[in-house]
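A short write-up of the structure that comes next.
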Amino acid sequence: VGDTMNIDDGSVVLGMNNVTLEKADVAVYPNPANNQITLAVTSQLQANLVEIFDITGKLAGTYTMHNNLLTINTQGYSDGMYFYKLFDQTGIQLNAGKFSIIR
């Protein structure tokens, strides 16, 4: 996908102008969360992996989605803003977003 330049069995992406990817629709609820947060993919794309990051960019957790649905127990998370990245089984990012935890 995209333009590449091969160098000694490796490759470097030169441009992404011709890449059009469908973005997965994601419902995140409740937001703000208290004890748990649910991420549900509402489009036809199949999500596989979710990474959660805190406000500083530190990875807070990695989770596997099942049937485009994931509920995360947030009791071990501090109050604040969190970001998620959603990936398919090949590692392509399908969506990114944010949620808050307030107790």
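Just so you know, these numbers use all the heavy atoms, side chains as well, and skip hydrogens, waters and symmetry mates.
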Is there a side-chain contact between [X] and [Y] in this structure, where contact means two heavy atoms from C-beta onward sitting under 4.5 Å apart?
X: Val41; Y: Asp25; value: no
X: Tyr82; Y: Thr74; value: no
X: His66; Y: Thr64; value: yes
X: Ile101; Y: Asn34; value: no

If you measure from [atom1] on [X] to [atom2] on [Y], what distance do you get to the nearest 0.5 Å?
X: Asn31; Y: Lys98; atom1: CG; atom2: NZ; value: 9.0 Å
X: Leu45; Y: Thr42; atom1: CG; atom2: OG1; value: 10.0 Å
X: Ser78; Y: Ile55; atom1: OG; atom2: CD1; value: 12.5 Å
X: Tyr77; Y: Ile37; atom1: OH; atom2: CD1; value: 10.5 Å

For Asn68 and Ala47, indicate whether the former's side chain and the latter's backbone hold a donor-acceptor pair under 3.5 Å.
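Such a contact is found between Asn68 side chain and Ala47 backbone.
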Hydrophobic clusters here meaning ILVMFWY residues chained together by side-chain heavy-atom distances under 4.5 Å, can you tell me if Ile72 and Val28 are in one?
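Hydrophobic grouping puts Ile72 with Val28.
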Spell out, yes or no, whether Val26 and Tyr63 are grouped together once hydrophobic residues are joined by side-chain heavy atoms under 4.5 Å, including indirect joins.
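Looking at the clustering, Tyr63 is in the same group as Val26.
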Using every non-hydrogen atom in the two residues, find where [X] and [Y] come nearest and quote the distance to one decimal.
X: Ser43; Y: Ala24; answer: OG-CA, 3.5 Å
X: Leu59; Y: Glu51; answer: CD1-CB, 3.9 Å
X: Pro30; Y: Gln36; answer: CD-O, 3.7 Å

Heavy-atom count around Gln89 CD within 6.0 Å, excluding the residue itself: above 12?
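Yes, CD of Gln89 has more than 12 neighbouring heavy atoms, counting only those of other groups under 6.0 Å.
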Counting only heavy atoms from other residues, nucleotides and ligands, does the tally under 6.0 Å from CG of Asn67 exceed 12?
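At most 12 heavy atoms, drawn from other residues, nucleotides or ligands, come within 6.0 Å of this atom.
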Worked check of side-chain contact (heavy atoms from CB on, under 4.5 Å) between Leu94 and Phe87:
CA-CA 5 Å; Leu94 299 176; Phe87 300 92; 5.9 Å; no
Tyr84 vs Phe99 aromatic rings, parallel, tilted or perpendicular, using cut-offs 30° and 60°?
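Rings of Tyr84 and Phe99: parallel, as their planes differ by under 30°.
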Which residue in the set Leu86, Leu49, Asp88 passes side-chain contact (heavy atoms from CB on, under 4.5 Å) when paired with Met65?
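Passing option: Leu86.
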How about Phe83 and Phe53: are their ring centres within less than 6.0 Å of each other?
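Not close enough - the centres of the two rings lie 6.0 Å or further apart.
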